[in-house]
Amino acid sequence: MKHQIETLLATAVAELPGLEGPAPTPVIERARDAQHGDYASNIAMQLAKPLRRKPREIAEDLITRIPDSPVLAGVEIAGPGFINFRLSPDAFHQELVRVIDDGQAYGCSDLGQGERVLVEFVSANPTGPLHVGHGRHAAYGACVANLLAATGHEVQREYYVNDAGRQMDILALSLWLRMQDLRGTGLAFPSGGYRGDYLVEIARGAVGDAHTRGLLPMPSDWGAGAPPDAPDGDADAHLDALIENLRERLGIEGFREVLGIGLQSILDDIRQDLGEFGVAYDNFFSERSLVESGAVAEALERVKASGHTYIEGGATWFRATDFGDEKDRVVVRDNGSTTYFASDIAYHLQKRGRGYARLVDILGADHHGYIARVRAGLAATGEPPECLEVDLVQFVVLYRGKDKVQMSTRSGQFITLRELREEVGDDAARLFFVSRSNEQHLDFDLELAKSRTNENPVYYIQYAHARICSVMSAADNQGIQWNEARGKQSLSRLTESHELKLMQALVRYPEMVELAARQRAPQHIVHYLRDLANDLHAYYNAHRFIVEDEALRDARLCLILATRQVLRNGLGLLGVSAPASM
RNA sequence: GCGCCCGUAGCUCAGCUGGAUAGAGCGCUGCCCUCCGGAGGCAGAAGUCGGGGGUUCGAAUCCCUCCGGGCGCGCCA
């Protein structure tokens, strides 16, 4: 609808005399005040300067050039030179019919024209279960992917599995120590190890099998030669010595087997958690595969070939400052191993190599330093740095009513996504996570999320949907069938203020999807749905839908069914269910 | 110290590309079904858009500066 108006106005602008160069594309926005009509444009004010004419005069001129259209009921000039457009009843009726006819597809567009976009999100290190913060990433990323898909982009949803590097060695060591514990050989657990109970669980499942393969048990004085642990010694040095020692004892194969057991079960758990949360991925991309395929080495070659590297202190540095980063970055350490940053360059080059025009990374707010350096890496290797778009997600603070929930592992308070889901439910969690801008810190009130009252936007929106379903089944119980054709023909009977308001809200839905997709801001959808639910509830309270007058009844059912469809579609984008009863 | 994010009603937050009289929810005050689900609706009170300066026809929105809060600045991942 909005685009129709834009096209009409563009025609008028193109005909305007005295314009040098290309005519600016007129911009239409929704009028803030219903008294001003449905849409407004400030084009006349924008043209005032180049044309050296008064805005109101230009507006007058434009109005006479706007082609006649059945969707327009009126065009007026207001204030300093706004052009206000009022939609005709026909325009609303057409749109209502479109909602019914398009069904699930209503609100979708081909705006993206099939552009290939890779959305990478969560990508939590596979060293433990997902926590609450990852839940926000998952909910946000899934919505962004849905929004991009709904607006005609070809979307790939990807999880980057950091299954290479030292953290994996620490995981293997930690798991192996837990397995030892179960065999009764109590060794001191290093302070830098992964202490979570989940590793004990995994160890329990693995210990029997490992034992039969001769990996267990080990002598209890194992690791005695390692430098002291913190607080007296260096925790990292201690850890590294233990890892080296273990690798020697178990051999490369044995070590990898232990590592594999830990990685696999944690990854399975993460997959399951996300799946149950309604977050589906197209691909889990392994960092290790990147290393083993030689992609990292290849990426390094490309960076070196660009001439933007140098050697200092035995390490190879990438001169990121050549591309606007604040400092240069190491890509190969003095010990010969590549850095995480090197993998990152390789990964992003690899994504480009797979044909993705846009790379959307959804990262924690603490990762903002990466953006410049990865872009620098892309630029050095000849890729357009702006193809990488990063959305930073701020932290989540849990509240139980007024009390802040401490999220330290030690406190014993829950911190995992699974526990959150179990406490408040998937729908509430998904909606709460995306109800705020990703750039905003999120206060997540568990009590509010659980409450089944109007305080809770989840239930408020779902209730509107269930209410419509309830009306339909009530009609059914009375032996009344909705006559679709008669309803569509009788839409001119919808003249109550509540009905007009609801229609105005429905028409806005495709614009909201577009806006939310463009800004990657799903909170717009949440706020829109809340408003839509409000309009529905108000209408419900003011009027009855199942009335004697058949034409009016069918028209009203048409309106609420269209509302139900939009609620459903919107909730679908958010990954929240639309129950028929609650 | 440098960089990024944030500061809007008592609380939690929207506010689109700069646009017309800054909006919701909660909380507070008072109302509303003999009815298709009261998990609802209606009305009211409540604001120096952190302070100051600038850009312009117009600033919560852009720029500068100050104040306050969060995060980041490894040959970690």
Side-chain angles (χ1 to χ4, degrees), chain A residues 27 29-33 35-36 40-42 45-46 48-49 54-55 78-82 84 125 127 162 164-168 170 236 287 312-317 326-327 329-335 337-341 343-344 364-372 392 394-395 397 399 402 435-443 445 448 451-460 462-464 466-475 477-478 480 511-512 514-516 518-519 521 523-524 526-528 530-531 533-534 536-547 560 581-582:
Chain A
V27 171
E29 60 181 20
R30 187 175 59 84
R32 287 207 173 173
D33 191 329
Q35 287 181 355
H36 298 135
S41 175
N42 61 354
M45 275 112 85
Q46 290 182 333
K49 194 164 267 182
K54 289 179 183 165
F82 289 105
N84 290 334
N125 291 338
T127 53
N162 295 127
R166 197 170 93 105
Q167 58 179 350
M168 284 298 103
I170 300 174
D236 282 330
E287 180 189 1
E312 189 180 300
T316 306
W317 294 70
E326 55 186 23
K327 54 179 79 168
R329 312 287 174 179
V330 170
V331 285
V332 184
R333 299 186 188 97
D334 59 1
N335 68 7
S337 64
T338 56
T339 59
Y340 185 81
F341 173 53
S343 292
D344 250 359
D366 53 337
H367 283 65
H368 68 76
Y370 287 128
I371 305 171
L392 296 176
Q394 295 286 339
F395 297 133
V397 182
Y399 284 86
K402 287 202 182 298
S435 64
R436 303 274 174 260
S437 159
N438 56 294
E439 294 178 348
Q440 196 81 235
H441 291 251
L442 178 65
D443 288 337
D445 185 346
L448 181 59
S451 73
R452 306 198 159 226
T453 67
N454 55 352
E455 295 170 44
N456 189 336
V458 184
Y459 290 98
Y460 186 85
Q462 289 184 326
Y463 181 44
R467 232 176 184 176
I468 296 167
C469 294
S470 174
V471 169
M472 296 314 289
S473 62
N477 289 341
Q478 294 170 40
I480 291 169
E511 298 160 26
M512 293 309 300
E514 226 182 277
L515 176 72
R518 205 171 53 231
Q519 299 187 343
Q523 76 270 15
H524 290 306
V526 178
H527 293 289
Y528 169 80
R530 220 222 156 260
D531 288 346
N534 183 12
L536 187 275
H537 287 311
Y539 182 33
Y540 180 93
N541 270 269
H543 299 283
R544 293 184 60 76
F545 311 142
I546 303 172
V547 291
I560 64 167
S581 69
M582 299 166 60

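Quick caveat, the model's predicted, so the values are computed rather than measured. In what follows, chains are A, B, ... by sequence order, proteins preceding strands, each numbered from 1.
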Anything under 3.5 Å between a protein N or O and an N or O of nucleotides 56-61 of chain B, put it in a table, one pair a line.
| residue | atom | partner | partner atom | Å |
| --- | --- | --- | --- | --- |
| B:A60 | N6 | A:Arg32 | NH2 | 3.4 |

[N] - base-pair partner by Watson-Crick or wobble geometry, distances under 3.5 Å:
N     : value
B:G72 : B:C2
B:A59 : none
B:A24 : B:U12
B:U29 : B:A43

For this session: Name the residue closer to the 5' end of RNA chain B, choosing between A:Asn541 and A:Phe341 according to the nucleotide with the nearest heavy atom.
Result: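 On the 5' side of the pair lies A:Asn541.
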
Exercise. How do A:Asp334 and A:Ala533 order along RNA chain B: which one's closest nucleotide is nearer the 5' end?
Worked result: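 Looking at the nearest nucleotide for each, A:Ala533 comes out on the 5' side.
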
How close or far is atom [atom2] of [N] from atom [atom1] of [X], stated in whole angstroms?
X        : N     : atom1 : atom2 : answer
A:Arg333 : B:C75 : CZ    : P     : 9 Å
A:Glu439 : B:G72 : CD    : C1'   : 16 Å
A:Glu29  : B:A20 : CD    : P     : 8 Å
A:Ile468 : B:G37 : CD1   : C1'   : 13 Å
A:Asn438 : B:C71 : CG    : P     : 18 Å

Picking from [options], which would you name as closest to the side chain of [X]?
X        : options             : value
A:Arg467 : B:G37, B:C42, B:C4  : B:G37
A:Tyr540 : B:A20, B:C73, B:G37 : B:G37
A:Phe395 : B:C36, B:C71, B:G3  : B:C71
A:Ile546 : B:C36, B:A20, B:C5  : B:C36
A:Phe545 : B:G3, B:C36, B:C16  : B:C36
A:His368 : B:C71, B:A24, B:C16 : B:C71
A:Lys327 : B:G74, B:C5, B:A39  : B:G74

Exercise. Listed by chain and number, what are the salt bridge (Lys or Arg N to Asp or Glu O under 4.0 Å) partners of A:Arg329, not counting sequence neighbours?
Worked result: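 A:Asp325.
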
Exercise. Do the non-hydrogen side-chain atoms of A:Asn534 and A:Tyr460 ever get within less than 4.5 Å of each other?
Worked result: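 A side-chain contact under 4.5 Å exists here.
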
Using the [atom1] atom on both, measure [N] against [M] and round to a whole Å.
N     : M     : atom1 : value
B:C49 : B:C5  : P     : 23 Å
B:C11 : B:U56 : C1'   : 36 Å
B:G10 : B:C62 : C1'   : 31 Å

Problem set entry | Under 3.5 Å: donor-acceptor pair, side chain of A:Asn84, backbone of A:Ala40 |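 No; judged by distance alone, with no hydrogens or angles, the pair does not exist.
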
Problem set entry | Main-chain N/O of A:Asn162 paired to A:Gln167 side chain as donor or acceptor, under 3.5 Å |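 Yes.
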
Exercise. Stacking here means centres under 5.5 Å and planes under 30°; does A:Phe82 stack on B:A20?
Worked result: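 Stack criterion met.
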
Exercise. With respect to the phosphate group of B:G41, does any side-chain polar atom (N or O) of A:Tyr460 fall under 4.0 Å of OP1 or OP2?
Worked result: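 For B:G41, OP1/OP2 do have a side-chain N/O of A:Tyr460 under 4.0 Å.
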
Exercise. With a non-hydrogen cut-off below 4.0 angstrom, is A:Ala464 in contact with a base, only sugar-phosphate, or nothing?
Worked result: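 Answer is nothing: A:Ala464 stays at 4.0 Å or more from every strand.
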
Seminar exercise, completed: 5' to 3', nucleotides 9-14 of chain B under a 4.0 Å protein heavy-atom cut-off (B base, S sugar-phosphate only, - none) gives ---SSS

